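Read through the structure below, which is laid out as structure tokens, and then see the notes.
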Amino acid sequence: MFNFTYYTPTKVVFGRGAEERTGALVKEQGREKVLIHYGGGSVVRSGLLDRIKASLDKAGVAHIELGGVVPNPRLSLVYQGIELSRREGVDFILAVGGGSVIDSAKAIAYGLAEEADVWELYDHTRQAKACLPVGAVLTIAAAGSEMSNSSVITKDEGGVKRGYNNDICRPKFAVMNPELTATLPPYQTASGCVDILMHTMERYFTPNGTMELTDSLAEGLMRTVMKNAVALRDDPADYDARAEVMWASSLSHNGLTGCGSDGGDWACHGLEHEMGGMFDVTHGAGLAAVWGSWARYVYRDCLDRFVKFTVNVMGVEDTGAPEDIALKGIEAMEDFYRSIHMPTCFSELGIAPTQEQLETMAKMCIVAGGGKKGTAKVLYEADCLKIYEMANH
Ligand code: NZQ
Ligand code: ZN
């Protein structure tokens, strides 16, 4: 195992009615004026936005609002949010929505704290020294941004999707009422479950640095998410299943399932971010569509971990050659994805990249990774291209 720092400063308020405490939570932060940031309208239709505003009013906290965040959130709206907040003297950003809204809120918070262009962070040409405080009222269990140190933004020109990680953007609080996710379309619920799984799988499939306790937590989390993803496919109103995946979304990406490892593989996320940037696909579905091809390309280089995953997570019997066991695990995972109506290749995802587009994505993936990607098997541009080609049917 490797040394690690585990830092989770986010106060979690979980359960039915939790959103009623939002105003008091902002007040606790000693803040005066809030930008309420939200997406394309689901929080307006559900009445959540009005309830949040009422909660802020009750706590005596002034607020303005900016909606319009789209999935794969855009830099242009971040700039608008920075300008508006600066003009209005905003000192706290409240995200009401999913990963896209929270990531956009984090980007606005970075942009407000320093004069320089916020895109430089995502372009990795400088590090942030400051960030305004952010809070989150979560409406979809998926990205884990409500507790993570990460923010992913897409630059409008050229569809360049890039992430920036820094502990200073971790939300001060996360309000999580599983009931708020009941209005999600089934496709978003399932995509969210894939993303939650993948945040732990990215950390699990690495040959470098493992811990028995971390593995047990990771395996338990993965089994729980799969079981409850199926439960939600069959009954979207199942509160307990919604609660299980919502809590898993946070624990899967707050660092817990990576303690002691080298940080994880993250190749699938790198591969998907290019697909999201170029084709605007839903993040979790994009991960499902590329995972099987990645796994088949790398499993021999990380065989022990694939065997362990197959037996402990997928429940496949430990008989036969390790290669065969690993392949059975990959097949079982793809069967699971299909069972919750998630894609396992590009045509099922609804995209048909040309060879030139595959080559562009492979090149950009490696540029974003700083020259290489992954630890299960270290990937270079030609490897990424091969994986995209394997998925492109
Ligand atoms: O915009 P609205 O109208 O709210 O609709 C959203 C959106 O269309 C809808 N939705 C959300 N909650 C709902 C709802 N519809 C009905 N009822 C509700 N309760 O769902 C759609 C997807 O929302 P989005 O915020 O995009 O989902 P998600 O949480 O999956 O976030 C995806 C983004 O997060 C990034 C992804 O790359 C992607 O850009 N990620 C962020 C990470 C992080 N910051 O730590 C890590 C992840 O790996 C990921 O990369
Ligand atoms: Zn993700």
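Ligands are counted one by one from 1 in listed order, and the atoms in each one are counted from 1 as well. The model shown is predicted, which means the values in this text are computed figures rather than measured ones.
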Fill in: Single-linkage hydrophobic cluster Val70~Ile140, side-chain heavy atoms < 4.5 angstrom
no
Practice prompt. Assign the ring pair Phe14 / Trp247 to parallel, tilted or perpendicular, where the plane angle (0 to 90°) is split at 30° and 60°.
Written response: perpendicular
Worksheet item: Which residue holds the protein heavy atom closest to atom 1 (O) of ligand 1, what is that atom called, and what is the gap in Å?
Response: Gly40 N, 2.6 Å
Fill in: Heavy-atom gap Glu272 to ligand 1 smaller than 4.0 Å
no
Worksheet item: Hey, what's the ring geometry for Phe346 with Tyr388, parallel, tilted or perpendicular (30° and 60° as the breaks)?
Response: tilted
Item to complete: Pick, from Ser145, Gly99, Ser191, the option with the minimum heavy-atom distance to atom 29 (O) of ligand 1.
Response: Gly99
Fill in: Shortest protein heavy-atom distance from atom 26 (O) of ligand 1, along with the residue and atom involved
Ser100 OG, 2.6 Å
Worksheet entry | Min heavy-atom dist Gly41 to ligand 1 below 4.0 Å | yes
Worksheet item: How is the N/O/S atom of His199 that comes nearest to the Zn ion (ligand 2) named?
Response: NE2
Worksheet item: Would you say ligand 1 has an N or O under 3.5 Å from any N or O of Gly144?
Response: no
Worksheet item: Is the shortest distance from a Lys or Arg side-chain nitrogen in Glu244 or Lys227 to a carboxylate oxygen in the other one below 4.0 Å?
Response: no
Item to complete: Give me the one residue out of His273, Glu274, Met278 that meets side-chain contact (heavy atoms from CB on, under 4.5 Å) with Met364.
Response: Glu274
Worksheet item: Judged by modelled atom types alone, do Thr154 and Asn72 share a side-chain donor-acceptor pair under 3.5 Å?
Response: no
Worksheet item: Does Val134 belong to the same Ile/Leu/Val/Met/Phe/Trp/Tyr cluster as Ile36, with side-chain heavy atoms less than 4.5 Å apart forming each link?
Response: no
Discussion item. Would you say CD of Gln355 has more than 12 non-hydrogen atoms from neighbouring residues, nucleotides or ligands within 6.0 angstrom?
Written reply: yes
Item to complete: For the residue pair Asp156 and Ser76, confirm or rule out a side-chain donor-acceptor distance under 3.5 Å.
Response: yes
Worksheet, complete the sentence: In this structure, atom 30 (O) of ligand 1 is nearest to the protein heavy atom Ala142 CB, 3.4 Å
Practice prompt. Please could you name the atoms of ligand 1 that Pro73 approaches to less than 4.0 Å, counting only its heavy atoms?
Written response: 39 (O)
Worksheet item: Do Leu271 and Tyr122 belong together in a cluster built from hydrophobic side chains that touch within less than 4.5 Å?
Response: no
Worksheet item: Is there an N/O/S atom in His253 that lies less than 2.8 Å from the Zn ion (ligand 2)?
Response: no
Worksheet item: For Thr375 and Asn208, does a side-chain donor sit closer than 3.5 Å to a side-chain acceptor?
Response: no
Item to complete: Can you pull out the closest protein heavy atom to atom 44 (N) of ligand 1? Residue, atom name and distance to 0.1 Å, please.
Response: Asp103 OD1, 2.7 Å
Item to complete: Below 4.0 angstrom from a heavy atom of His253, which ligand 1 atoms are there? Numbered from 1 as shown, please.
Response: 45 (O), 46 (C)
Worksheet item: Which atom, counting only N, O or S, brings His269 closest to the Zn ion (ligand 2)?
Response: NE2
Fill in: Ligand-side contact atoms (ligand 1) for residue partner Asn72, heavy atom cut-off under 4.0 Å
39 (O)
Fill in: Which residue and heavy atom of the protein sit nearest atom 4 (O) of ligand 1, plus the separation
Ser42 OG, 2.7 Å
Practice prompt. Could you tell me whether some N/O pair between His273 and ligand 1 is separated by less than 3.5 angstrom?
Written response: yes
Response to the item:
A student checking ligand 1 against Gln188 at a 4.0 Å heavy-atom cut-off should list atoms 20 (O), 21 (C), 22 (C)
Worksheet item: Which ligand 1 atoms does Pro71 reach within 4.0 Å, using its non-hydrogen atoms?
Response: 7 (C), 8 (O), 26 (O)
Worksheet entry | Nearest candidate to atom 19 (N) of ligand 1, where distance is taken over non-hydrogen atoms, out of Val281, Leu184, Leu180, Asn165 | Leu180
Discussion item. Please determine whether any non-hydrogen atom of His199 lies less than 4.0 Å from an atom of ligand 1.
Written reply: yes
Fill in: Metal-centred angle, the Zn ion (ligand 2) as apex - OD1 of Asp195, NE2 of His283, 10° resolution
90°
Discussion item. If the cut-off is 4.0 Å to any non-hydrogen atom of Gly39, which atoms of ligand 1 fall inside it?
Written reply: 1 (O)
Worksheet item: Going by the atom numbers of ligand 1, which of them fall below 4.0 Å from some non-hydrogen atom of Ser150?
Response: 43 (C), 44 (N), 45 (O)
Practice prompt. Taking atom types as modelled, find out whether Ser150 and Asn165 have a side-chain donor-acceptor pair closer than 3.5 angstrom.
Written response: yes
Discussion item. Within the 4.0 Å heavy-atom shell around Thr183, which atoms of ligand 1 are there?
Written reply: 16 (C), 17 (N), 18 (C), 19 (N)
Practice prompt. Between Lys161 and ligand 1, find which residue part has any heavy-atom pair under 4.0 Å and reply side chain, backbone, both or neither.
Written response: side chain
Worksheet item: Once the angle between the rings of Phe205 and Trp291 is folded into 0 to 90°, is it parallel (under 30°), tilted (30 to 60°) or perpendicular (over 60°)?
Response: tilted
Practice prompt. Would you please say whether a donor-acceptor pair under 3.5 Å links the side chains of Ser250 and Glu146?
Written response: yes
Worksheet entry | Test item: protein heavy atom less than 4.0 Å from atom 33 (C) of ligand 1 | yes
Practice prompt. Answer yes or no on whether Arg21 is positioned over the face of Phe173, meaning its NZ or CZ is under 6.0 Å from the six-membered ring centre and within 45° of the axis.
Written response: no
